[in-house]
Protein chains: 2
Amino acid sequence: MSDLLERLRGRGWRMTAQRRVVAEVLNGDHVHLTADEVLARATDRLPEISRATVYNTLGELVSLGEVLEVATDGRAKRYDPNAHRPHQHLICSDCGAIRDVHPTGDPLSALPAAERFGFTVSAVEMTYRGRCPECARA
Amino acid sequence: MSDLLERLRGRGWRMTAQRRVVAEVLNGDHVHLTADEVLARATDRLPEISRATVYNTLGELVSLGEVLEVATDGRAKRYDPNAHRPHQHLICSDCGAIRDVHPTGDPLSALPAAERFGFTVSAVEMTYRGRCPECARA
DNA sequence: ATTAATGCAAATGCTTTGCATCTCT
DNA sequence: AGAGATGCAAAGCATTTGCATTAAT
């Protein structure tokens, strides 16, 4: 909830007009924009911003841990600024729409109705991410 | 475990040399090939098979529910023939290597050491897939 | 002054498509 | 025969890259 821009300033992140606009566009709850959507919204406020800068900035924010990258399988990645509160994702396999959800109880069992947002849930999938022994060695 | 080819025959799947080779290449446990790897192995056995056919066939197998598509974020998708036994995935963020895992207890907590295969696990991520109300209406 | 961010345009990687030809059933 | 699968090559989309220019500290 606390402002993304403020958090970034607090971390001594080098500020430019472009970076500010990207952070502003991304700020908020339930925001899951694609890079293209970020570019479109950013261009409204700052017409000279380039696609490369949007990608650069998004990549930065992800490595800073301030934004989460959500892969939607086939479709363009979405960027989620809600990195400070743990949550999971509910993704529409038709259109790629995303909702944040907070499952209760055993997460592999059905998602509570109150957390389903009208979706017909057909699959739950869990992924552990890390480094394999070979890559850790390098 | 039971043979992928047999299951496909049993379902009345139209058989061709190309489809047979793809199914053979994919058969087995702990198999997580990319489309390109499938093409390479298939080409060894049937030099005239085309990339388009490999993609077509993989797509078919996925919609039949006989093969799982595993998105590895940025990298090429991998195809997992182990669709008949529930399991989760452990993915290396450096090289994209995949292992099947069977977490016990609360899946969002740490993966048991015996299931870690030497990986350093840095994140667990859960995704619910389904159809949103708007798409369901269409 | 230094160091890093920006913009452009071209390149990349994976996957899909259109369409004519060939093959299973 | 007829529905459907195949191969080819080109197109598509999301994302990345190289490099000269520009701006922040």
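In what follows, every chain begins at residue 1, and chains take the letters A, B, ... in the order their sequences are listed.
Atoms CZ (B:R20) and P (D:dT6) sit 11 Å apart, rounded to a whole Å. In this entry the distance linking CG of B:L64 with P of D:dA5 reads 11 Å, nearest Å. Across the protein-nucleic acid pair, B:N56 atom CG and C:dT16 atom P stand 9 Å apart, rounded to whole Å. The NZ-C1' distance, from B:K77 to C:dG13, rounds to 13 Å in whole Å. Here the P atom of nucleotide D:dA14 and the CD atom of A:E69 are 15 Å apart, to the nearest Å. A straight line from CG of A:L58 to P of C:dA5 spans 15 Å, rounded to a whole angstrom. Counting to the nearest Å, the P atom of D:dC13 and the CG atom of A:D73 are 18 Å from each other. Regarding A:Y55, its OH atom lies at a distance of 13 Å from the C1' atom of C:dT12, rounded to whole Å.
Under a 3.5 Å cut-off, the side chain of A:T72 and the backbone N or O of A:K77 do not form any donor-acceptor pair.
Annotation: the span from B:D80 atom CG to B:E69 atom CD amounts to 11.0 Å, rounded to 0.5 Å. The CD atom of A:E60 sits 11.5 Å away from the CD atom of A:E66 when rounded to the nearest 0.5 Å. With values rounded to the nearest 0.5 angstrom, A:I49 atom CD1 is found 7.5 Å from A:T16 atom OG1.
Under 4.0 angstrom from either OP1 or OP2 of D:dG7 there lies at least one side-chain N or O belonging to B:Q18.
DNA chain D lies under 4.0 Å from at least one heavy atom of each of the following residues of residues 39-52 of chain B: B:E48, B:I49, B:S50, B:A52.
Partner of B:V101 under the side-chain contact (heavy atoms from CB on, under 4.5 Å) criterion, out of B:E115, B:R116, B:H87: B:E115 alone.
Judged by closest nucleotide on DNA chain C, A:T53 is the one of B:T34 and A:T53 placed further toward the 5' end.
At a threshold of 4.5 Å between non-hydrogen side-chain atoms, the residues B:C95 and A:E134 do not count as touching. Side-chain contact between B:H89 and B:D100 is present, with at least one heavy-atom pair separated by less than 4.5 Å.
By the salt bridge (Lys or Arg N to Asp or Glu O under 4.0 Å) test, A:R9 is found to be paired with no residue, residues two or more places apart in sequence or in another chain being considered.
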For this session: At under 4.0 Å between heavy atoms, which parts of nucleotides 19-25 of chain C does protein reach? Answer with one letter per nucleotide, 5' to 3': B base, S sugar-phosphate only, - none.
Result: ----BBS
For this session: Apply side chain to side chain contact (heavy atoms under 4.5 Å, CB included) to the pair A:I91 and A:V70, showing each step before the final yes or no.
Result: CA-CA 10 Å; A:I91 306 185; A:V70 187; 4.2 Å; yes
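Heavy atoms of B:R75 sit nowhere under 4.0 angstrom from any nucleic acid atom.
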